[in-house]
Every structure is written in C-alpha cells, then in structure tokens.
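First comes the structure, then the notes that go with it.
Just follow the structure's listing: the first ligand is 1, and inside any ligand the first atom is 1. Sequence positions, counted from 1, serve as the residue numbers for this chain.
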Amino acid sequence: MPDAVYLRCIDPACEKTSDLSSTAYACGACGALLDVAYDWDRLPVPGTLRFFAERWAGRHQPLDFSGVWRFREFLPFAAPDEMVTIGEGQTVLQSPDPAALGLALRRGHLHFQYEGLNPSGSFKDNGMAAALTMARRLGRRRVACASTGNTSASLAMFASLTRSADDRPMQGIVFVGAGKIAYGKLSQALDHGALTLQIDGDFDACMKRIREAADRLGLYIVNSINPFRLEGQKAIMYRVLEGLGWEPPDWIVVPGGNLGNTSAFGKAFIELAELGLIQRLPQIAVVNAAGANTLSELVTHRGLSWNRGYWEKAAVQSYYDELSASGRTAHTVATAIEIARPVNLPKALRTLEAMDGVVCEVTDEEILDDKARIGRVGFGCEPASAAALAGLRQLLRRGVIDSSARVACVLTGHALKDSAATVAYHTGETMETMAGRRPTDLPPLANRPIRVADDLDAICAAIDARTEKD
Ligand SMILES: *Cc1c(COP(=O)(O)O)cnc(C)c1O
Ligand SMILES: [Zn+2]
C-alpha cells in the first residue's frame, strides 16, 4: 500500500507521485511543481476546528505553542520528534479601525494578520519551520535559499538554532542580489552566521543559480519551490480562521512576489473544504507592485487562468521572452515582491481558480502612503506588506470588494526590516526611489523631523506650534 503522505505532480495530465525521500522540487516526468499530498482517510484529522482551541491550553509544550505545529494534523509529514520549531507563528488577527485608514469597510470587518511578529520578523518563519523539519528528516545539513531578504533572514535564524539528525549544526547558505536587499534583512543573515553570497544580479538570477548550484553540490533548497515550506505557510490561514472563530472571512488580501503564500493559502482552504471543516472558501486578492506585475499582467490583462490544470504555458513563456528581449527587470521599492518570474505561478493560478481570486497592481507611491497609514494606526510593516492595504483600497474603490465585506490583510513583514524606506519617505532624503522628490513635495503622510537649536525656548515653541495643549 502506498504511503498516506507523498509528493504529487500538480499537472492533472501527469500526477506522477513519489515518496517523501525524494528531494526533487519538480516532477521527474514533466517538470511541473510538486504538492505534498495526503490520503486523509488514513490520517487522524480532528472532526472540528475547535479542537485546536483546546490544544492551546498545552502551550508550555513547544509544538503546541508553535503557530505552525499546533495545526500539525493538517501538515502530517513528520513525526513530532522531528519537528523543528523556534517559536514561530505567535501572531494574532488584529482589528484596526477601517475609518482611521480611510477605508469604507464596517468597523470590525477589517483585520490584519500581523506576521511581522515572527521570530525573524516575517511570515517566512512559518514555512521555514516546515522546510527545516524536512531537511533534518532527510539528513541534510547544507540548507540554501535565494532571497529578496526575508527568506535568508529566516533561514539564517533557523539554521543557527537547529541541529541536524546526527546532531551537528545546520549550515545556512543564502544567495542575495547585490544591492537588492534591505539592510535589516542582510544584517540578520550576517548576524546569524549564514554563508552569504551576494550575486551580481537580481532575484530571478539568484533563483536560477541556486537551482544549478543545488544540483551540483546537493544543497537542500528551502525557497518556496520547496513544497514543504508551503505546508508551513498554510498555518497563516489556520490562524486567520482561529481569529474569526473558525468562520472564513469574505476576502484574504496578500502581496504577491514569488507567490508562495498565494499558493499555500489556496491549498489550505481547498483541503479544509475537502475535509468538510469549512463550508465555503474566502475570495483572494493578490496584489502586485506595478514594477513587478507579472501575475497581474498575465491574469488580468492576458486572461491566463489555471483552467483546471490545463493552463496556457506558451502564453507565460512568450511573456518571459518579451521581458528578456526588452531587457525589462522588476523594479519596486517593495523589494520583497521585486520578482519578475514567480516560481509558484502555476500553483497561484490554481489558488485563484479555487478562491475566485483577483489580481491587482499598485504603485510605489500608493504602497509607501499606505505603509505610513499602517504605521499611524500602530502596526509597523515593510513596504511589500503595505501593498496589501493599497490593493484593498483600490479594490474597494473599484467596487470589486464590497464595503460590507469582512477582509483579512496579511501584513507580511516588520517595519524594522527596511527602515531606510521609512526614513526616506518621511524626510525626502536618500534612496534612489525617492530621488526627484524635493522636501517641498513630500508625500502626504510625511512626518519630517524638525530641526531645532539647542535652546529651551526654541524647543518649547516648536512643541507648542505643532501640538494641542492638554
Ligand atoms: C517573501 C515576502 C513577500 C512575498 O511573498 P510570496 O509568498 O513570495 O508571494 C511579501 N512580503 C514580504 C515581507 C516577504 O518577505
Ligand atoms: Zn508531472
């Protein structure tokens, strides 16, 4: 009898399976992406989602505390003693006031799933817990990723805290595009001791090289092409459901870069529906930056769809050929989504079909303004995360999302990841993306520091001029 947990090609015309000892990231027969697949009938699954609320009482146990592994019945590919955890996923659904953000949603209907509160400061930790578990299970020690920054920060942190199956240190290896990474993220990779290779190219170039290097050297890749990483990221949606009393919202809004989250979220809801644990799927809105808009271009403008798995591969290839021919690469202040060739595109198409999704794109200006608004209501996030709010704003304006909807935006990374972008926005100084903007035409929410002489009268006058007396 085959195993109850296995790998399966996502192409419905192929569906070749392999067992978990395989370390391929693509189908050996057709080259498509792989899913971790489960034969649920042979696995113990709780009959109700409320089961997980009760488990929380046992949170002094690391696996019941983990925001990923406390949902382990939904990603049952490892035994409890194999599961790697560093306390990831302690994030909860927050409910900011939509009016304070200038949104026409009802009070209590807007939610932020604030993933910036993860140990390394981004949602990537959800996936890394699962990917490192698999690396350890397979007896691998050299664990590698290409990264726009947060994957490398997360990998570096997990590798420094994890030991291999034979009790030796794991070794993190990260590829970053030279000059393409926010300092907060680079500093984490360096501080946690990962071997950091700055490749003379962008993310797409790093991604290509790491696959080649992994083939030659036998590195274990933990990018989101690794299907186990996506299993960990499903947990973000379990926590959204938990925050809403297990009732799905109407919309999930998420920034789209390599489309790992988009893929994982769809899989999470498809599986819960198959298990009869939810009655309907939320819709999903995936938000691209205008300067890295591959998904938006292909889906919204060229009509690409999953088409039950028979998607038009030639249309994607011809778009990529156009990009190459014109020398166009991704450019956005939201470096975490600065990706022109998203590796999870097919899985993202599948999610869009299952969740009746839409894709939109927002400008860097819109992203930075909404980042500042998010800061004003008390949630610090990095530019890529703010794309979710900017996208929601646009979709409400266009009437795609109804003002009576219940919406959960995923805030993917912490504000301190990219403090340079924040300071540039508020001061008009430094950063190439802000060039050309004079201090006289600062953006609308700029909060410029005031220069004051070292003089008490001047200091008090400055305070009185800009604040109201109690
Ligand atoms: C990685 C990342 C993204 C992009 O997520 P994908 O799953 O690759 O689409 C968005 N925001 C932040 C902060 C990230 O680190
Ligand atoms: Zn295949």
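The environment of CG in D200 is sparse: at most 12 heavy-atom neighbours from other residues, nucleotides or ligands sit within 6.0 Å.
Between D11 and K313 a salt bridge is recorded (basic side-chain N to carboxylate O distance below 4.0 Å). Contact check on R70 versus E242 returns a salt bridge, with a Lys/Arg side-chain nitrogen under 4.0 Å from an Asp/Glu carboxylate oxygen. Taking 4.0 Å as the cut-off between side-chain N and carboxylate O, E382 and K185 count as a salt-bridged pair. We find that E247 and R280 are joined by a salt bridge, their nearest charged nitrogen and carboxylate oxygen being less than 4.0 Å apart. Using a 4.0 Å cut-off between a side-chain N of Lys or Arg and a carboxylate O of Asp or Glu, E274 and K267 do not qualify as a salt bridge.
Side chains of R350 and S263: no donor on one and acceptor on the other come within 3.5 Å.
For the Zn ion (ligand 2), the nearby protein N/O/S atoms, meaning those under 2.8 Å, are C9 SG, C14 SG, C27 SG, C30 SG.
Ring geometry for F52 versus F74: interplanar angle of 30 to 60°, hence tilted. Classified by interplanar angle (parallel below 30°, tilted 30° to 60°, perpendicular above 60°), the ring pair F71/Y238 is tilted.
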One line per pair, note the atom names and distance for all nitrogen or oxygen contacts under 3.5 Å between ligand 1 and the protein.
unit_1	atom_1	unit_2	atom_2	d
ligand 1	7 (O)	G260	N	3.1
ligand 1	7 (O)	N261	N	2.8
ligand 1	8 (O)	N258	N	2.8
ligand 1	8 (O)	L259	N	3.4
ligand 1	9 (O)	G257	N	2.7
ligand 1	9 (O)	N258	N	3.3
ligand 1	9 (O)	L259	N	2.8
ligand 1	11 (N)	T412	OG1	2.7
ligand 1	15 (O)	K124	NZ	2.6
ligand 1	15 (O)	N150	ND2	2.7

